[in-house]
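Working notes, beginning with the structure itself.
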Amino acid sequence: MVLVATALWVSFLSAGVATMLFFATFDPQEIGNLATYPIELDRLSGYSIGFLMFWALLSCNSFAVLWLSNTEPG
Amino acid sequence: MSETPKKATPNNGASSLYASSEKIYAREVKGTFQRLRNLSVVALLGWYYIAPWITWGGRQAILFDLPARKFHLFGLTLWPQDFVFLTLLLILAGLSLFFFTAVAGRVWCGFACPQTVWTEAFIWMERWVEGSRAQQMKLTAQPWTLTKVRKRFTKQFLWIAFSLLTGLTFVAYFVPIRELAPAFFQFELAGWSLFWVLFYGFATYGNAGFMREQVCQYMCPYARFQSAMFDKDTLIIAYDDERGEPRSRGKKRKDTSSEKGDCIDCGLCVQVCPTGIDIRDGLQYECIACAACIDVCNEVMDKVDLPRNLIRYSSERHDQSKETYSLSLKTVLLRPRVIVYGTLLALVSVAFLVALASRSSFQVDILRDRNALYRWSDEQLLENSYQIKVMNKGQVAQKYKLSLEGIDNASVAWSKPSDGGASAVVKAGEIGDFNAIVTLDKGAEIGRSQPISFVIEEVLEDTGGSITEESRFWGPSD
C-alpha cells in the first residue's frame with residue numbers, strides 16, 4: 001500500500017511539473033482545434049484532462065518500475 | 001557456489017521501512033515558539049483566505065487566469081512568453097529554502113509549511129470540540145455514547161467545512177472568487193471547477209485531519225534532503241545531555257546522595273511532540289523542528305526552579321565542546337555554506353527584479369508577407385508587405401507608432417492607420433494583428449535583399465516603450 005501511495009504521489013508531483021511545462025507552450029484550445037477529429041476543448045478542461053493524463057501515464061510508469069524491481073522472472 | 005534464484009516478494013524489505021502508526025495525541029503547549037507558530041498560522045492562513053478577495057483595477061488582484069492564459073499579480077500581468085519568471089521564482093524559492101535550512105535547520109517545517117499550518121488549524125478545531133489531550137484519549141477509548149457521537153460529528157463537520165473552504169479558495173486563485181463562491185454555495189458549480197474544489201478539499205481533509213506527521217515522514221521530499229544543507233554550525237534543537245543526565249525522578253531524585261542531572265524525566269517533551277519522538281535521544285529524521293519540546297521543558301524547569309534551556313537551539317559543534325565553540329551570530333551566519341547560499345540568493349533575487357523591471361509592456365513579431373517577395377506600387381515604387389503582431393502585455397490600451405531604423409531611403413506606414421499615423425488601438429491583454437508596407441524611395445538603389453529594422457513605439461501613456469525588430473527588404477534579382 002505504501003508503494004502504491006509512493007508511486008501515486010511522486011507521479012502527482014511530476015505530472016504537475018509536466019503540465020506546467022507543456023501548457024506554457026501549447027494552448028489547449030489550439031490542441032482541440034488541431035486534433036485528429038476537432039474537439040471542443042475549453043481551457044480549464046484541457047488543463048485538467050492534460051494533468052490527469054500525465055498523472056495516469058507517470059503512475060503507470062512508476063508501477064511498472066516498482067513491479068520490475070520487486071519481482072524476478074520465473 | 002550455486003544459489004537457487006530468489007523469488008522476491010513485492011514488498012521485499014519495504015515492509016520493514018513502514019510502521020503502521022497509531023494516532024499521535026500531541027499535548028498542548030504554551031511558550032515562545034508556540035506563540036510564534038500561532039502568529040505564523042494566523043498570518044499565512046489569513047493571507048491565503050483573504051487574498052482572492054482583493055481586487056485591482058476591476059479584476060481580482062491575484063488571479064492565475066488559466067482560461068485566458070494570463071497570470072495577474074496586482075499590476076503585473078504575465079503571459080506564457082514570460083515563463084522564465086516562473087522558473088526564476090521557483091529557483092528563488094528553492095535557494096531561500098536552502099539558505100534558511102543551512103542557518104537554522106527545519107524552520108520551514110515547524111513554522112511555515114502548509115502541512116504544519118493546516119494541521120495546526122485542524123488541531124485547534126479538534127481541541128475546541130474534544131478537549132485536551134487526556135480528554136481526547138479518553139473519548140477514543142470510550143464506547144459510542146451520544147456525547148461521543150455529537151463530539152465526533154461536530155469535529156468532522158468543522159473539518160469538512162474548513163476543507164471545502166480551503167478547496168474553494170484554492171480554485172479561486174484560478175477562477176475569480178466572486179463568480180466561484182456564489183456558484184458553489186448555490187450548488188450551481190459544475191465541471192472541472194467543482195472537481196478541483198472537491199479534490200483539494202479532500203486532500204486538505206486527509207492530510208491535515210489524518211495523515212499529519214506521516215506526510216512529513218513519508219511524502220515530503222524536503223524532509224529527505226533537508227539535512228544535506230546542514231553543517232556543524234547549523235542551529236538544531238538539542239537536549240543538553242551534559243546537564244540533564246543522568247535523568248531521575250520521584251524517590252530516586254529525592255535521594256540527595258545519588259548523582260542527578262537536571263532532567264526530571266517528566267516525559268512532557270515526548271508528549272508534546274507532534275511526531276512522537278524523544279528529543280533526548282538526539283536530533284532525529286522525524287523531528288520537524290517545531291520547538292514544542294523547548295517550550296514545555298522551559299515551563300517545567302521554571303516550575304522546579306531549575307535554569308531554562310535544558311532543551312534548546314544549539315549546534316553540533318557547540319555541543320561537541322561548549323567552551324571552545326560558543327554560539328554567536330558569527331558562527332551562525334558567517335560560514336561558507338551560509339555565505340554561498342546567501343550570495344546566490346541575493347544574485348538571483350536581483351536578476352529577477354531587474355528582469356521584471358526591464359520587462360517590456362509589449363512584444364512584437366514581424367512576419368513577412370508570404371504571397372510575394374516584393375511588389376511594385378502604382379507609382380512604380382518597390383514595396384514589401386509585412387504582417388506585424390503586437391502583443392499588449394501592459395494594463396492599458398495602446399496605439400503604436402512605426403518607423404524604420406538603419407535605412408534612409410525608404411518609408412514605412414501601417415496599411416490601416418488611425419489618425420496621426422499610429423496603429424489602431426490594441427486593448428490591454430490583446431494581440432493586434434496589423435499590416436505594414438515599406439516603400440523604397442524613388443531612385444533608390446535596388447538590391448536583391450537588404451536588412452531593415454522596424455522601430456515600434458508606444459504612443460499612449462508616458463511609458464515610451466519601444467522595440468526594434470529586424471527583418472529583410474527584398475527586391476528583384478538582376
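Naming convention: chains lettered A, B, ... in sequence-line order (proteins, then strands); numbering from 1 in each chain.
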Any side-chain heavy-atom pair of W196(B) and F51(A) under 4.5 Å: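 A side-chain contact under 4.5 Å exists here.
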Heavy atoms from other residues, nucleotides or ligands near [atom1] of [X] exceed 12 (cutoff 6.0 Å):
X: F210(B); atom1: CZ; result: yes
X: F100(B); atom1: CZ; result: no
X: Q284(B); atom1: CD; result: yes

Would you name the heavy atoms of [X] and [Y] that are closest together and state the gap between them?
X: F83(B); Y: M20(A); value: CE1-O, 3.9 Å
X: A68(B); Y: R43(A); value: CA-NH1, 3.9 Å
X: W9(A); Y: M219(B); value: NE1-O, 2.6 Å
X: P80(B); Y: A24(A); value: CB-O, 3.4 Å
X: R69(B); Y: P28(A); value: NH1-CD, 3.5 Å

Region of L68(A) that comes under 4.5 Å of a non-hydrogen atom in chain B: neither
Chain B contact via T6(A) - which portion, at a heavy-atom distance below 4.5 Å: neither
Top contributor to chain B interface from L13(A), D42(A), D27(A) [non-hydrogen pairs under 4.5 Å]: D27(A)
Any donor-acceptor N/O pair, W192(B) side chain to S48(A) backbone, under 3.5 Å: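 Side chain of W192(B) to backbone of S48(A), a donor-acceptor pair under 3.5 Å: no, none is there.
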Parallel, tilted or perpendicular: rings of F12(A) and F199(B) (30°, 60°): parallel
Side chain, backbone, both or neither of F174(B) within contact of chain A (heavy atoms, under 4.5 Å): neither
Straight-line distance of T87(B) OG1 to L21(A) CG, nearest 0.5 Å: 9.0 Å
